[in-house]
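As the structure is a prediction and not an experimental result, all values here were calculated from the model. Throughout, numbering of the chain's residues begins at 1 and tracks the sequence.
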Amino acid sequence: MGEVVNLNRVRKDRAKAEARATAAANRASHGRSRAERTRAEAERARAERNLDGSKLED
């Protein structure tokens, strides 16, 4: 027989885990200097251009 689980506790734990993940992503994106943000944006744009340039035409 399985273990008894409090569904409210599971729901709250899942919400807390999602909030922690969102907070970590926000810390990573907002806790950087202007130079780091512009470099990351430039890298993202370069990767996007590279991907667009590599697409085959139908």
Side-chain angles (χ1 to χ4, degrees):
M1 195 162 178
E3 186 176 336
V4 177
V5 178
N6 184 341
L7 296 178
N8 288 329
R9 177 81 288 176
V10 171
R11 197 173 300 123
K12 286 181 181 181
D13 289 343
R14 186 179 304 138
K16 285 182 184 180
E18 289 175 7
R20 272 190 240 105
T22 303
N26 286 341
R27 280 193 304 272
S29 65
H30 295 288
R32 297 183 296 176
S33 68
R34 181 178 299 272
E36 290 173 330
R37 285 192 304 255
T38 56
R39 184 176 63 240
E41 177 63 27
E43 288 176 8
R44 187 198 60 75
R46 182 183 56 80
E48 188 175 313
R49 282 194 311 272
N50 189 12
L51 181 64
D52 288 342
S54 299
K55 288 185 180 177
L56 298 175
E57 296 297 323
D58 289 335

R9, CZ: over 12 other non-hydrogen atoms inside 6.0 angstrom: yes

From K12 atom NZ to L7 atom CG, the distance as rounded to the nearest 0.5 Å: 12.5 Å

Residues R44 and E48 bridged, charged N to O under 4.0 Å: yes

Heavy-atom pair with the smallest gap, counting every atom of R32 and R37: O-NH1, 3.0 Å

Reported OG1-to-CZ distance for the pair T22 and R27, which is rounded to 0.5 angstrom: 10.5 Å

